[in-house]
A.B. asks: 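This structure is in structure tokens; I'll ask about it shortly.
Convention: sequence-line order gives letters A, B, ...; per-chain numbering from 1.
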Amino acid sequence: MSERKTRVRFAPSPTGPLHMGGVRTALYNYLFAKQRGGDFILRIEDTDSQRFVPGAEQYIIESLRWCGIFPDEGVNEDGTIPEVPSEKHPHAPYRQSQRRSIYRKYAEQLVENGYAYYAFDTAEELAELRKEKEAAKETFTYNWETRGQLRNSLTLPEEEWKKKIETETGWTIRFKMPENRIVKMDDLIRGHIEVNTNTLDDKVLWKSADQLPTYHLANIVDDHLMEITEVIRGEEWLPSLPLHYMLYEAFGWQETQPRFAHLSLLLKPDGKGKLSKRDGDRLGFPVFPLKWVSPEGEISRGYREDGYLPEAFVNILALLGWNPGTEQEIFRLEELVDVFSLDRVVKSGAKFNPEKAKWFNAEYLRMMSGEALAAEFGKELAERGIDAEPEYVAKVCELMKNRAHFITDFWGLTHYFFQAPAEYDQTVVAKFWKDEVPQMVAQAKDYVMSLEPYTKESLEEGLHSLIVNNGWPMGKVMNSLRLSLVGINNGPGVADIIWLIGRDEFAARIDRALATL
RNA sequence: GGUCCCAUCGUCUAACCGGUCUAGGACACCACCCUUUCAAGGUGGAAAUCGGGGUUCGAGUCCCCGUGGGAUCACCA
């Protein structure tokens, strides 16, 4: 058992876009598998035909790809989901809706062995019972106490219920939760947990509505069939862990039962509760990896479209609920594979901090070369109709990258390297453009134009000594030069700007400022 | 409400099996330095063990009780 190959799965339900918490779950699964040389499998849990959302499945796959997470099984090279078994995808199909024939016999096996039973109560009847109990301030539970008074294969004569399951469709199969047993469980990050079965209920395993298994049945059967060794999933599943343990026992699969690890939830940055789409809209940050347009046309922003680098996004997620135990915070995916460990996953929920997320992105931006940045920023320049040499764009990016958090910040920060300022900031004009200034600026221009040799260094030093030697006020002159060149009073050094835009453009901009101001 | 999980700076977190803990780091914040401006960078600062009992020579670390937060109680996953 211990020498089984590590196999983990990410099993999302295609009911909408994948939440960043979901991506984190997928990431942890992936890291765990890769570190142990195991397999990471993607399985689509679409047993709820009511909630199926078109496009969600592709969204999930694309999100993982963007993050650099490629499943070993369950997704073809072209991003489609394998429907027939092959060498690489031996357990196909990987979509539960296409595996319905598999589950039926397992459900029946449970009934035959006395671990489950057919139930004929309609949803309305049960709703009515719940209402009655609620009125008496009690809760109705379908369990060992009540199943004897309800309509099921335990209480009805055999001929009657057998006839019913053959002729009718309104029946379900329920798990027969044993009475008064202590379920002893172990969680990889939470330790030992015990629950008395009396507090549990007879969960539906087979749904009458669409003749499909519920999550619980399909999940256990598939994890068993796909030889999953560890189940790493969200904390919301912890309450159903006892049921899952009981199911493994009922099937007699305890020997190969996977180990479980329940991850704490991602919480909203302010206030209380788990992170939701609403929080993103309200506080102005994405909660989804990619932009999503719902079938109704509702748009949700994505990290990718908001300008986050996938490496930064992965890094952010990795450190939300896990830490390396060292003071290192910047990790690329490959590095995470080496250092990740479930032992260091934090038990408590993590409030998402959008400010720190921005910082991570800025860090990754600074690590990029000017050329790489230019390749990205060049696209936006082209859209804006700016025709600039890639080498020039690269130099601009290199000079300006430590001022940006996102590539989308670049235009606002660098536009004056591509076009002369359309206007001059009036408060800056008022502050620096005093009476004596224009002639100093004009002199500075003449100086620069006749500077020999003209190098970046000579420009820098020459400009400086010109001002000092003439006894001019440094701040006033420099800021006036900058104002003339870029229209505002912040940005890189004046010499850097001149050097990049070139002497001719410099002269033109100075002349224009002298003429207008 | 029942059941289960969780609890260190504002936030993410560190502190291996209880002992240099003056409780460390990062984001954000503040100050200073660098500087022609704005960033970046450097230095420093403010900032936390939820409360109460125990166990122990010694508790952030173990136990109990409170309190707070979260999850879950569907023919949804």
Side-chain angles (χ1 to χ4, degrees), chain A residues 11-15 45-48 50-51 96 119 121-123 126-127 130 134 137-139 141-142 170-174 185 187 190-191 193-196 198-201 203-216 218-219 233-242 262 264-265 267 269-270 272-274 316 319-330 343-344 346-360 362 366 400-404 413 428 432 463-464 467 473-483 486 488-495:
Chain A
S13 189
T15 53
E45 310 231 325
D46 56 349
T47 54
D48 184 0
Q50 311 297 312
R51 293 207 307 162
Q96 289 186 328
D121 321 272
T122 64
L126 294 175
R130 283 197 186 93
E134 205 175 311
K137 291 223 194 283
E138 286 173 49
T139 356
T141 312
Y142 208 125
W171 50 268
T172 62
I173 293 176
R174 280 179 184 272
M185 301 162 285
D187 184 278
R190 276 152 218 283
I193 302 167
E194 294 191 0
V195 174
N196 188 310
N198 283 359
T199 65
L200 273 20
D201 65 338
K203 275 273 177 298
V204 169
L205 299 178
W206 193 268
K207 299 178 281 180
S208 69
D210 44 16
Q211 285 296 299
L212 276 169
T214 56
Y215 167 84
H216 305 291
N219 189 267
R233 66 197 345 178
E235 193 183 25
E236 68 270 26
W237 293 109
L238 207 44
S240 21
L241 187 58
H262 290 88
S264 59
L265 269 17
L267 274 17
D270 62 339
K272 324 204 171 288
K274 62 175 177 181
I316 291 161
L319 257 50
L320 225 41
W322 172 86
N323 73 81
T326 65
E327 283 174 4
Q328 186 180 347
E329 293 201 276
I330 300 296
D343 308 334
R344 299 204 64 92
V346 179
K347 288 189 245 190
S348 50
K351 278 190 185 177
F352 177 63
N353 183 347
E355 284 302 319
K356 187 144 189 182
K358 283 185 189 172
W359 174 79
F360 270 111
R366 279 177 217 136
M400 303 298 283
K401 68 181 182 184
N402 63 6
R403 290 151 203 273
L413 254 16
V428 181
F432 298 110
L463 208 47
H464 202 264
I467 295 170
M474 183 66 74
K476 220 182 258 182
V477 179
M478 282 297 194
N479 278 305
S480 294
L481 282 169
R482 177 180 292 101
L483 173 71
V486 306
I488 50 176
N489 76 148
N490 64 54
V494 170

A.B. asks: Check every strand shown and say whether A:Arg233 touches a base, only sugar-phosphate, or nothing at a heavy-atom separation below 4.0 Å.
C.D. replies: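 Touches nothing.
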A.B. asks: Over how many whole Å does the gap from A:Trp206 atom CH2 to B:A74 atom C1' extend?
C.D. replies: 18 Å
A.B. asks: Does A:Lys356 come within less than 4.0 Å of A:Glu329, counting only side-chain N to carboxylate O?
C.D. replies: yes
A.B. asks: Using a cut-off of 4.0 Å on non-hydrogen atoms, how would the nucleic acid contact of A:His216 be classed: base, sugar-phosphate, or nothing?
C.D. replies: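 Result for A:His216 = nothing.
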A.B. asks: Do the ring planes of A:Trp237 and A:His216 sit parallel (below 30°), tilted (30 to 60°) or perpendicular (above 60°)?
C.D. replies: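 Perpendicular: the ring planes of A:Trp237 and A:His216 meet at over 60°.
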A.B. asks: Given the P atoms of B:C63 and B:A48, what is the spacing between them in whole Å?
C.D. replies: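 My reading of the P atoms in B:C63 and B:A48 gives 26 Å.
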A.B. asks: Roughly how far, to the nearest 0.5 Å, is the CZ atom of A:Phe432 from the CG atom of A:Leu483?
C.D. replies: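 One gets 9.0 Å once the value is rounded to the nearest 0.5 Å.
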A.B. asks: Specify the closest pair of heavy atoms between A:Ile316 and A:Ala357, including all atoms of both residues, with the distance to one decimal.
C.D. replies: CD1-O, 3.5 Å
A.B. asks: Touch check for A:Trp237, heavy atoms < 4.0 angstrom, all strands: base, sugar-phosphate only, or nothing?
C.D. replies: base
A.B. asks: Nearest 0.5 Å, what's the CZ-CD1 distance between A:Arg366 and A:Ile330?
C.D. replies: 9.5 Å
A.B. asks: Taking donor-acceptor contacts at under 3.5 Å, does the side chain of A:Thr214 reach the base of B:C75?
C.D. replies: no
A.B. asks: Expressed in angstrom and rounded to an integer, what is the separation of A:Ile330 atom CD1 from B:G25 atom C1'?
C.D. replies: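 Taking atom C1' of B:G25 as the reference, CD1 of A:Ile330 is at 13 Å.
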A.B. asks: Whom does B:A28 pair with, Watson-Crick or G-U wobble, provided both distances fall under 3.5 Å?
C.D. replies: none
A.B. asks: Can you tell me how far the CG atom of A:Asp48 sits from the CG atom of A:Asp210, to the nearest 0.5 Å?
C.D. replies: 7.0 Å
A.B. asks: By the 4.0 Å heavy-atom rule, please label A:Lys274 as base, sugar-phosphate, or nothing.
C.D. replies: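 Sugar-phosphate, no base atom in range.
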A.B. asks: Choosing from B:A28, B:U72, B:C75, which nucleotide comes nearest the side chain of A:Arg174?
C.D. replies: B:C75
A.B. asks: At under 4.0 Å between heavy atoms, what does A:Pro492 touch on the DNA or RNA strands: base, sugar-phosphate, or nothing?
C.D. replies: base
A.B. asks: Which whole number of Å gives the distance between the P atom of B:U49 and that of B:G10?
C.D. replies: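 Approximately 8 Å lies between the P atom of B:U49 and that of B:G10.
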A.B. asks: Once you round it to whole Å, what is the distance between C1' of B:U36 and CE of A:Met478?
C.D. replies: 5 Å
A.B. asks: Which whole-number value in Å describes the distance from A:Asp270 CG to B:C27 P?
C.D. replies: 22 Å
A.B. asks: Quick check on RNA chain B: between A:Ala11 and A:Asn490, whose nearest nucleotide comes earlier from the 5' end?
C.D. replies: A:Asn490
A.B. asks: Looking at B:C50, which nucleotide sits across from it as a Watson-Crick or G-U wobble partner, both distances under 3.5 angstrom, or is there none?
C.D. replies: B:G66
A.B. asks: Compare every heavy atom of A:Asp46 with every heavy atom of A:Gln96, then report the nearest pair and how far apart it is.
C.D. replies: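 Looking at all heavy atoms of both residues, the closest pair is N-OD1, 3.2 Å.
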A.B. asks: Considering only atom C1', compute the distance from B:G24 to B:C9 and round it to an integer number of Å.
C.D. replies: 11 Å
A.B. asks: In terms of the nearest nucleotide of RNA chain B, which residue is placed more toward the 5' end: A:Asn489 or A:Val204?
C.D. replies: A:Asn489
A.B. asks: Specify the separation, in whole Å, of atom OH of A:Tyr215 and atom C1' of B:A74.
C.D. replies: 16 Å
A.B. asks: NA contact type, A:Thr122, heavy-atom cut-off 4.0 Å: base, sugar-phosphate, or nothing?
C.D. replies: base
A.B. asks: In whole Å, I'd like the distance from the NZ atom of A:Lys401 to the C1' atom of B:A40.
C.D. replies: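 The distance from NZ of A:Lys401 to C1' of B:A40 comes to 11 Å, rounded to the nearest Å.
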A.B. asks: Using a heavy-atom cut-off of under 4.0 Å over every strand shown, decide if A:Asp48 touches base, sugar-phosphate, or nothing.
C.D. replies: sugar-phosphate
A.B. asks: List every contact pair, protein side and nucleotides 2-13 of chain B side both N or O, where the distance is under 3.5 Å.
C.D. replies:
| unit_1 | atom_1 | unit_2 | atom_2 | d |
| --- | --- | --- | --- | --- |
| B:C5 | O2' | A:Arg190 | NH1 | 2.3 |
| B:C5 | O2' | A:Glu235 | OE2 | 3.2 |
| B:C12 | OP1 | A:Lys351 | N | 3.0 |
| B:C12 | O2' | A:Leu319 | O | 3.2 |
| B:U13 | OP1 | A:Gly321 | N | 3.1 |
| B:U13 | O3' | A:Asn323 | ND2 | 2.8 |

A.B. asks: CD of A:Glu236 versus C1' of B:C73: gap in Å, rounded?
C.D. replies: 14 Å
A.B. asks: Out of B:A77, B:U36, B:A39, which nucleotide sits closest to the side chain of A:Asn402?
C.D. replies: B:A39
A.B. asks: Heavy atoms only, 4.0 Å cut-off, all strands: where does A:Asp121 land among base, sugar-phosphate and nothing?
C.D. replies: base
A.B. asks: Between B:C73 and A:Arg130, is there an OP1 or OP2 to side-chain N/O distance shorter than 4.0 Å?
C.D. replies: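 Negative; the distance criterion is not met.
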A.B. asks: Please give me the minimum heavy-atom distance between A:Ile193 and A:Leu238, naming the atom from each residue.
C.D. replies: CD1-CD1, 4.1 Å
A.B. asks: For atom CD of A:Gln328, is the number of surrounding heavy atoms from other residues, nucleotides or ligands below 6.0 Å larger than 12?
C.D. replies: yes
A.B. asks: Round to a whole Å and report the spacing from CD1 of A:Ile488 to C1' of B:A39.
C.D. replies: 12 Å
A.B. asks: Please state the P separation for the pair B:C27 and B:C65 - nearest whole angstrom.
C.D. replies: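 40 Å, rounded to whole Å.
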